[in-house]
Amino acid sequence: MSKVKSLTSKDLLGLKDLSAEDLRLVFQTAESLKEVFHRPIKRVPALNGKTIFNLFYEPSTRTKSSFEMAAKMLSATTGSITTKTSSMTKGETLIDTAKNIEVMGIDAIVIRHSMAGAPQLIAKNLKASVINAGDGFNEHPTQGLLDIFTMQEKKKTVKGKTILIVGDIAHSRVARSNIWGLKKLGARVIVCGPPTLIPVGIEEMGAEVSCHLDKVIGEADFINVLRIQMERQGKGLFPSREEYTKLYGIDAARMKKAKKDVVIMHPGPINRGLELSTEVADGPYNVILDQVKNGVAIRMAVLFLLLGGKNGN
Ligand code: CP
């Protein structure tokens, strides 16, 4: 990187707020930083002296650990608390928690919360940068970024490509961040799932809607399969797991209707045998572990761009 650039906002709260230019800047930065993975010592001094704190009020394997990896690879100091270890269990408010962490000399807080709008709330109350690591059903911007980055890596561009997002759209912050980002970059997005799992008004974001997977699967260049979020939904949104799998599960038989070079994606964690068969999840079309690896590069780029990283590598 010859020139140090930054994002226009102090926070990353959602892809709804980013311009196409911002998105491209994140991708270019991630591409440059990916080179660090191949070094004998996987660390650059770009964020030396900066401190990044993970505040996770929901479980996470990929997002939390990749933010930690990303911060460490940029030489930042890290800290973290989770729901069980936080004084919110004793009645402390989220804003009080965030302000107490900030005065310890924190430059950025990465937050995951079940309440949509929680990152926005603390961003308004802090000078530190706030990064949304998933808020309720609203957005998961770094997942959207890593998904699009992976798509571009596989087919050069998303412009003019058709991305089919299948599953529980209603409860999916991943779907929303994908749609905001993909539409800004000129992609066609189709969302597909049972009518009860398609939220009202999703077309206003620029997505097309289908409830018939077998009719649209052949149009897709990428299929982003979403997890059925049992923990977020009341009972009765689809008749049974078996019927869901029959109508919307991606398995080898259904893949015969897809394009030969279709790319299969999943944000994880996968419910194997429900939304995605093991044969397809581990098969030649999938890029699921590439998504996870790219997640570290994308999170390095976001931290670098928000915290004014120095190109001293
Ligand atoms: N994709 C994703 O957000 O995974 P985690 O819940 O494991 O962070």
Side-chain angles (χ1 to χ4, degrees), residues 12-16 26 30 52-73 78 80-86 108-119 130-151 153 163 165-182 191 193 222-233 250 263-272 274-276 280-282 286-303:
L12 175 63
L13 302 175
L15 297 197
K16 185 180 181 182
V26 174
I52 295 154
F53 204 89
N54 276 327
L55 192 54
F56 273 63
Y57 291 107
E58 279 191 345
S60 168
T61 298
R62 284 147 286 267
T63 312
K64 184 169 181 289
S65 50
S66 64
F67 265 113
E68 276 165 12
M69 293 286 297
K72 288 191 166 91
M73 287 169 89
T78 57
S80 69
I81 49 173
T82 56
T83 322
K84 284 185 187 143
T85 55
S86 140
I109 290 187
V110 180
I111 178 171
R112 170 170 288 190
H113 203 287
S114 59
M115 190 180 78
V130 175
I131 302 169
N132 181 359
D135 64 323
F137 306 162
N138 180 36
E139 281 223 42
H140 189 349
T142 54
Q143 182 70 44
L145 288 166
L146 75 88
D147 286 347
I148 299 170
F149 185 69
T150 306
M151 290 174 201
E153 199 173 68
I163 291 86
I165 307 177
V166 182
D168 183 354
I169 312 298
H171 300 93
S172 179
R173 52 201 181 202
V174 175
R176 281 176 185 74
S177 287
N178 265 263
I179 297 168
W180 286 125
L182 286 165
V191 296
F222 298 91
I223 306 176
N224 201 348
V225 186
L226 301 178
R227 180 172 73 89
I228 289 294
Q229 302 192 29
M230 296 299 185
E231 76 278 19
R232 289 192 204 281
Q233 47 187 278
I250 306 287
V263 174
I264 297 289
M265 307 177 75
H266 193 299
I270 303 169
N271 292 307
R272 285 175 182 260
L274 175 56
E275 69 261 4
L276 192 58
V280 179
D282 300 334
N286 101 81
V287 294
I288 296 168
L289 292 179
D290 295 326
Q291 289 173 261
V292 177
K293 186 171 180 183
N294 284 336
V296 181
I298 283 291
R299 286 163 183 136
M300 286 171 82
V302 167
L303 293 171

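For the single chain, residues carry numbers from 1 onward in sequence order. Order of listing sets the numbers, starting from 1, for every ligand and every atom in it. Computed from a predicted model, the values in this text were never measured in an experiment.
- For ligand 1, the polar-atom distance check finds an N/O of H140 within less than 3.5 Å of one of the ligand's N/O atoms.
- Against a heavy-atom cut-off of under 4.0 Å, G268 is close to the following atoms of ligand 1: 1 (N), 2 (C), 4 (O).
- Rounded to the nearest 0.5 Å, atoms CG (L15) and NE2 (H140) are 10.5 Å apart.
- The main-chain N or O of P267 is never found under 3.5 Å from a side-chain atom of R227 such that the two would form a donor-acceptor pair.
- Put simply, CZ on R173 and CG on D135 are 7.5 Å apart, with the number rounded to the nearest 0.5 Å.
- The backbone N or O of A281 lies less than 3.5 Å from a partner atom in the side chain of N286, making a donor-acceptor pair.
- Atoms CZ and CG, from R299 and L12 in turn, are 10.5 Å apart once rounded to the nearest 0.5 Å.
- For atom 7 (O) of ligand 1, the closest non-hydrogen atom of the protein is T61 N, 2.8 Å.
- Remark: minimum distance from atom 1 (N) of ligand 1 to any protein heavy atom is reached at P267 O, 2.8 Å.
- The nearest heavy-atom contact from the protein to atom 6 (O) of ligand 1 is R112 NH1, 2.9 Å.
- Looking only at heavy atoms of the protein, atom 4 (O) of ligand 1 is closest to R62 NE, 3.0 Å.
- The existence of a salt bridge linking E68 and K64 is confirmed by a sub-4.0 Å separation between a basic side-chain nitrogen and an acidic carboxylate oxygen.
- Listed by number with element, the atoms of ligand 1 under 4.0 Å from a non-hydrogen atom of Q143 are 1 (N), 2 (C).
- For atom 2 (C) of ligand 1, the closest heavy atom belonging to the protein is T63 OG1, 3.5 Å.
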